[in-house]
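First the structure, in the form of structure tokens, and then the observations on it.
Both counts, for ligands and for their atoms, begin at 1 and track the order of listing. Remember, it's a predicted structure, so these values are computed and weren't measured experimentally.
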Amino acid sequence: MIIVLKPQVTEQQIAEFSRYFADHGVRVNKWVGEQSTVLGLLGDTTGIDTDYILAQSIVEDVRRVQEPYKKANRKFHPDDTVIDLGNGAKIGGGSLALIAGPCSVESEEQIVQLAKDVKAAGANFLRGGAFKPRTSPYAFQGLRAEGLELLRHARRETGLPIVTEIMSASHLVLFEDVDVIQVGARNMQNFELLKELGKVDKPILLKRGLSSTIEELLMSAEYIMASGNEKVILCERGIRTFETMTRNTLDISAIPLLKKLSHLPVVVDPSHAGGKAELVPALSLAALAAGADGLIIEVHNDPPHALSDGAQSLTPEQFAELAKHLRELEPVFKGQ
Ligand code: PEP
Ligand code: MN
């Protein structure tokens, strides 16, 4: 971290200010120039609050030269993190994980049939929302606890591990038997929820917030990891831009950037990004080519009658065709 001090700063003020850093176990190097004095901090500065520094009357500017996240940072953990649930259900480590299923779990018949269909097409995980974060309180809110029970049933029928969204830490008891807990875009910065998920011993699929930066996503991952759970999967699902033809704009650049900055696996959600089923194949292929470790794709048996996100859902046949194409290209991009 580099701190530029205001021109008229006195030696006594610098000495007092430097004590704050000593208390944080950080060393200070000082350069006195013609116009201003610059302090360079050496050591672990993750605990230093840049807002606090900027609020000091002698400070002109402050800049981090090291990332504020540590556990999620590839610098301190060069090897890729691989999330392995056994039975070929793996995220990271050189293969492409396919997570597929409906936006919402709607009935036993629906989820069991879709689980069988996506498994036959080559999916490694079953997705399905039981607790749904809907913009309108009058829209379908999900089958809640019953939805989780139906997902468990579909898992018994197919062996596919289940991925489903949590919206409140108070629901954690219901998620004990869930394989991967999803944190939705709207909760990416629900820090109390993230801290609670840090105490859980299961993978967390953390979606990027609607208007969150890459660094904010990594800081949210850091919340979970700093609380003790290092099994975090990052998910790029599109961000809000001025474009109205797509539901969101898939940030392809986020994929190689996240892979460079962090050792955590990166999954891409082309369904919520594009918002239209016709865009899902192209976005999926782009994500694979850009280095994604997995895709989470919405699939519905009857998209026009889906209780949520029908427009962006593939039919099982469309998913099977896409999965076939992705599996053919997987060795090209994953170098197997
Ligand atoms: C979902 O996966 O169905 C969902 C609500 O996604 P997001 O949080 O990315 O909007
Ligand atoms: Mn959805």
Could you pull out all residues at least two apart from E109 that satisfy salt bridge (Lys or Arg N to Asp or Glu O under 4.0 Å)? none

Is the shortest side-chain N to carboxylate O distance from R127 to E298 below 4.0 Å? yes

Taking D251's backbone N and O only, do any of them form a donor-acceptor pair with E236's side chain (distance below 3.5 Å, no angle check)? yes

Using distance alone, with no hydrogens and no angle criterion, decide if Q110 and S107 have a side-chain donor and acceptor under 3.5 Å apart. no

Does a side chain donor of either H300 or E106 reach within less than 3.5 Å of an acceptor in the other side chain? yes

Listing by chain and number, what protein N/O/S atoms are under 2.8 Å from the Mn ion (ligand 2)? C103 SG, H272 NE2, E298 OE2, D309 OD2

Using side chain to side chain contact (heavy atoms under 4.5 Å, CB included) as the criterion, list what pairs up with Y52, not counting sequence neighbours. Y20, D49, Q56

Show the protein residues that qualify under the rule heavy atom under 4.0 Å from an atom of ligand 1, listing them in chain and number order. C103, R127, K132, P133, E165, Q182, G184, A185, R186, K207, R237, H272, E298

Linking I/L/V/M/F/W/Y whenever their side-chain heavy atoms sit closer than 4.5 Å, directly or via other members, would V163 and L295 fall into one cluster? no

Could you check D201, D84, D179 and say which one makes a salt bridge (Lys or Arg N to Asp or Glu O under 4.0 Å) with K231? D201

Which residue, V232, I233, D80, forms the side-chain contact (heavy atoms from CB on, under 4.5 Å) with P265? I233

